[in-house]
K.L.:
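One structure coming up, written as C-alpha cells, with questions to follow.
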Amino acid sequence: MCEAYGKTMPPVYPSGNNTFIPSHEESNRLVVDYSRNPSKFALNRYIQLVPCDKTEGYYLQMTVEECMRILGDDLAHYSWADGADAPTGVDGDESFNWVPFRLLRRLFAARLGNMSISNASWPLVQQHNNIKAQQAMTARSVMAVKALTTAGNYSSAHTATTTVAGGGLWPNATTANLFIRKSINYAVKQILKATGAVVKAEDLNLVISPALAASMAESQEIADFVKGSPDALAYIKGDMGGPESNRRFGLPTHYAGVELVIEDAVKVTSKKGATLVQDFVMPADKPFIAARPGGLIGTYGTPSFSTGTLFVSKEDDLSVETKNDTDNRRTVTRVVDTAKMEVTAPTSGFLFTGATE
C-alpha cells in the first residue's frame, strides 16, 4: 500500500489510470504564471525614461513664450531702419527654473528555502524573479499615474472636466454631441498653443483606464466611428494592428488624431491573508493626454517635451539580484529599483476630470 496526502490508499486492481504516479513532467513543466514581461507595460508608451548617474539632480524647466512672441501684426517692434541703432534685444531673453529631484530606492524581495527550491519541479527562483519584476513595474505605473492624474501638477489651462472641455461625460458620447472628440480637440489646442506647436498631435497619447475604455467603446460616438471606418471588418475580427488591449475593448489605435493607450496595470492593496482587494492602477474618471516625443529612453541634460519623465539610476534600473544564504540554507531574490517620477513638461499634457460622473 502507499500513502497520498497523509491517507492510506486501499488496494486496487491495475487499470489505465492508476499504474503511474502523476507528475508535473507530464505537462512539460507548465507553469501558469501571471507575471508579465516588464517591457509590455503600458507605462512605457506614455512616459520617458532618463538614466541618471547620481541619485540627486536638477532638471531645467523653460518657459516657451518668447519663441512665439510677436508684438503687432505690422512687426514694427522688430524694424531696423538703415542708419538707426539696432534693437538691443534687452527684453528678448526667456525665463527658466531649476527643479530638483531625488531618486528613491525601492526593494521588492522574496525569501525561499533551499529545500523548496531543490524539490520544486519548476524554476522557482526564476519565477519569483518574474513576479518581483512585475511588482516593481506595477509600482512604477502607480508612481506615473499618481503624478499625471494630480491636478496640482498642471496649470489651470491644462486641466478641466470633460463637461467643460467637451460638453459632457464620455460614456454618454454620441455621434451628435461628440463629447470625446470635442474634449480631445480642446486639450490638443491648449497643448499646441502652450508649446508653440512644437509638440504635434502624433506625439500625444490619451491614457485611459480599462473601465473607461469599455465605456468609450460602448458609446455611440466610438461605435459609429468604428462602424463607419474602412477598417471596420478588421476591428470586428480583431485583426486590426496595434496593442492587444485596444483590440480587446474594440477601440481604434488612434482617435481624433491621438493614440489611445489603455493603462491596464492592476494592483492588489490588501495584505496576505486578508480579504483580496484589487483594482486597476488607472482611475476611470481621470483620463489624461501626455506627450512622449521620440523613443522610450531620453538623454539627461537634453531638451524634452515629454510630459512625464521617470528618472532612473543607471546602477539600479530594475536590477535583479539573487543571493544564496548558505548559513541559513535559503535564497533571497530581489529586484532593486531606484527612480523618481516627475511631470517635467506640464504644458505638453492635459488632465481631464469627471469623465464618468
K.L.:
Are side-chain heavy atoms of Phe101 and Cys52 found at a separation under 4.5 Å?
P.N.:
yes
K.L.:
Do Lys182 side-chain atoms and Asn177 backbone N/O form a donor-acceptor pair below 3.5 Å?
P.N.:
yes
K.L.:
Atom CD of residue position Glu202 - does it have more than 12 heavy atoms of other residues, nucleotides or ligands inside 6.0 Å?
P.N.:
yes
K.L.:
For Met341 and Ala144, work out which heavy atoms get closest and say how close.
P.N.:
CG-CA, 3.7 Å
K.L.:
Could you verify whether a donor N or O on one side chain and an acceptor N or O on the other, from Asp285 and Thr353, lie under 3.5 Å apart?
P.N.:
no
K.L.:
In the structure I gave you, are the side-chain heavy atoms of Val145 and Pro283 within less than 4.5 Å of one another anywhere?
P.N.:
yes
K.L.:
Check whether any side-chain N or O of Ser215 sits under 3.5 Å from a backbone N or O of Ala211 as a donor-acceptor pair, and report yes or no.
P.N.:
yes
K.L.:
Answer with yes or no whether the side chains of Thr309 and Thr344 bring together a donor and an acceptor at under 3.5 Å.
P.N.:
yes
K.L.:
Would a distance-only check, ignoring hydrogens and angles, find a side-chain to backbone donor-acceptor pair under 3.5 Å from Ser306 to Ile47?
P.N.:
no
K.L.:
Would Asp279 and Thr269 satisfy side chain to side chain donor-acceptor pair (under 3.5 Å), going step by step from the backbone distance to the final call?
P.N.:
CA-CA 8 Å; Asp279 200 359; Thr269 57; over 6 Å; no
K.L.:
Looking at OG of Ser141 and CD of Gln134, how far apart are the two atoms once the value is rounded to the nearest 0.5 Å?
P.N.:
9.5 Å
K.L.:
For Ser348 and Phe305, indicate whether the former's side chain and the latter's backbone hold a donor-acceptor pair under 3.5 Å.
P.N.:
yes
K.L.:
For residues Leu192 and Leu206: do they belong to one hydrophobic cluster (side chain heavy atoms under 4.5 Å, members Ile, Leu, Val, Met, Phe, Trp, Tyr)?
P.N.:
yes
K.L.:
For Tyr78, does the OH atom have more than 12 heavy-atom neighbours from other residues, nucleotides or ligands under 6.0 Å away?
P.N.:
yes
K.L.:
Walk me through it: do Phe352 and Trp170 pass the test ring pair (Phe, Tyr, Trp, His ring centres under 6.0 Å)?
P.N.:
CA-CA 11 Å; Phe352 298 105; Trp170 285 6; 5.3 Å; yes
K.L.:
Is Arg140 close enough and on-axis enough to Phe41, meaning under 6.0 Å and within 45°, for cation-pi?
P.N.:
no
K.L.:
Please report the shortest heavy-atom distance between Val343 and Gln61, naming the atom on each side.
P.N.:
O-NE2, 4.1 Å
K.L.:
Of the non-hydrogen atoms in Glu263 and Val207, which two are nearest, and what is the gap between them?
P.N.:
CB-CG1, 3.9 Å
K.L.:
Do Leu107 and Val335 share a hydrophobic cluster (ILVMFWY, side-chain heavy atoms under 4.5 Å, transitive)?
P.N.:
no
K.L.:
One pair to check against salt bridge (Lys or Arg N to Asp or Glu O under 4.0 Å): Lys340 and Glu342. What are the steps and the verdict?
P.N.:
CA-CA 7 Å; Lys340 181 64 167 68; Glu342 294 283 347; 3.0 Å; yes
K.L.:
Is Ser219 close to Glu221 at the side-chain level, that is, under 4.5 Å between some pair of heavy atoms?
P.N.:
yes
K.L.:
Can you confirm whether the side chains of Asp224 and Thr175 place a donor and an acceptor under 3.5 Å from each other?
P.N.:
yes
K.L.:
In Å, rounded to the nearest 0.5 Å, how long is the span from CG of Leu251 to CE of Met216?
P.N.:
6.0 Å
K.L.:
Any sub-3.5 Å donor-acceptor pair from Asn153's side-chain atoms to Ala147's backbone N or O?
P.N.:
yes
K.L.:
Less than 4.0 angstrom from a charged side-chain N to a carboxylate O is my criterion; do Arg105 and Asp337 meet it?
P.N.:
no
K.L.:
If you measure from OG1 on Thr55 to CG on Leu103, what distance do you get to the nearest 0.5 Å?
P.N.:
6.0 Å
K.L.:
Does any part of the side chain of Val266, heavy atoms only, come nearer than 4.5 Å to the side chain of Val281, both counted from C-beta?
P.N.:
no
K.L.:
Go through Phe288 and Phe350 one step at a time and tell me if the ring pair (Phe, Tyr, Trp, His ring centres under 6.0 Å) criterion holds.
P.N.:
CA-CA 6 Å; Phe288 60 85; Phe350 195 97; over 10 Å; no
K.L.:
I need the minimum non-hydrogen distance between Lys193 and Met68, along with the two atoms involved.
P.N.:
O-SD, 3.5 Å
K.L.:
Ring-plane angle category for Phe311 and Tyr59, please: parallel below 30°, perpendicular beyond 60°, tilted otherwise.
P.N.:
parallel
K.L.:
Would you say Thr322 and Asn129 make side-chain contact, with heavy atoms under 4.5 Å?
P.N.:
yes
K.L.:
Give the minimum heavy-atom separation between Pro51 and Lys314, together with the two atoms involved.
P.N.:
CB-CG, 3.7 Å
K.L.:
If hydrophobic clusters are built from ILVMFWY residues whose side chains come within less than 4.5 Å, do Leu71 and Leu75 share one?
P.N.:
yes
K.L.:
Is the count of non-hydrogen atoms from other residues, nucleotides or ligands lying under 6.0 Å from Asn119 atom CG greater than 12?
P.N.:
yes
K.L.:
Start with the C-alpha distance between Val99 and Tyr58, add both sets of side-chain angles, then the distance that settles side chain to side chain contact (heavy atoms under 4.5 Å, CB included), and finish with yes or no.
P.N.:
CA-CA 5 Å; Val99 182; Tyr58 289 85; 5.9 Å; no
K.L.:
Could you tell me whether Arg248 and Asp264 have a side-chain N and a carboxylate O separated by less than 4.0 Å?
P.N.:
yes
K.L.:
Are side-chain N/O atoms of Glu259 and Tyr46 paired as donor and acceptor at under 3.5 Å?
P.N.:
no
K.L.:
When you compare the side chains of Thr347 and Thr195, does any donor N or O come within less than 3.5 Å of an acceptor on the partner?
P.N.:
no
K.L.:
Check Leu169 against Gly354 and note the closest heavy-atom contact, atom names and distance.
P.N.:
CD2-O, 3.2 Å
K.L.:
Report the C-alpha distance between Phe108 and Arg334 in whole Å, list the side-chain angles of each, state the deciding distance to 0.1 Å, and finish with yes or no for side chain to side chain contact (heavy atoms under 4.5 Å, CB included).
P.N.:
CA-CA 5 Å; Phe108 306 90; Arg334 64 190 191 182; over 6 Å; no
K.L.:
Hey, is Lys200 close enough to Asp203 for a salt bridge, meaning N to O under 4.0 Å?
P.N.:
no
K.L.:
Could you check whether atom CD of Glu66 has more than 12 heavy atoms from other residues, nucleotides or ligands sitting under 6.0 Å from it?
P.N.:
yes
K.L.:
Test of understanding: clusters of I, L, V, M, F, W, Y form through side-chain heavy atoms closer than 4.5 Å, transitively. Do Val258 and Ile208 belong to the same one?
P.N.:
yes
K.L.:
Between Thr333 and Glu321, do the side chains contain an N or O donor and an N or O acceptor separated by less than 3.5 Å?
P.N.:
no
K.L.:
For Leu351, is there any backbone N or O sitting under 3.5 Å from a side-chain donor or acceptor partner on Thr159?
P.N.:
yes
K.L.:
Under the side chain to side chain donor-acceptor pair (under 3.5 Å) criterion, do Glu94 and Thr63 qualify, and how do the steps go?
P.N.:
CA-CA 7 Å; Glu94 184 61 280; Thr63 51; 2.6 Å; yes
K.L.:
Any chance you could measure Asn205, atom CG, to Ile262, atom CD1, to the nearest 0.5 Å?
P.N.:
12.5 Å
K.L.:
Could you tell me whether the side chain of Lys286 reaches within less than 4.5 Å of the side chain of Leu212, counting heavy atoms only?
P.N.:
no
K.L.:
So do the side chains of Trp122 and Leu124 get within less than 4.5 Å of each other, counting heavy atoms only?
P.N.:
yes
K.L.:
Is there a side-chain contact between Glu315 and Thr338 (heavy atoms, below 4.5 Å)?
P.N.:
no
K.L.:
How many angstroms lie between OG1 in Thr138 and CE in Met143, if you round to the nearest 0.5 Å?
P.N.:
11.0 Å
K.L.:
Is it true that a side-chain atom of His128 and a backbone atom of Ala110 form a donor plus acceptor pair closer than 3.5 Å?
P.N.:
no
K.L.:
Cluster question for you: counting only ILVMFWY and a side-chain heavy-atom cut-off of under 4.5 Å, with indirect links fine, are Val164 and Tyr154 together?
P.N.:
no
K.L.:
Looking only at side chains, do Thr162 and Ser183 share a donor and an acceptor under 3.5 Å apart?
P.N.:
no
K.L.:
At what distance, to the nearest 0.5 angstrom, does CG of Leu178 lie from CD1 of Ile180?
P.N.:
9.0 Å
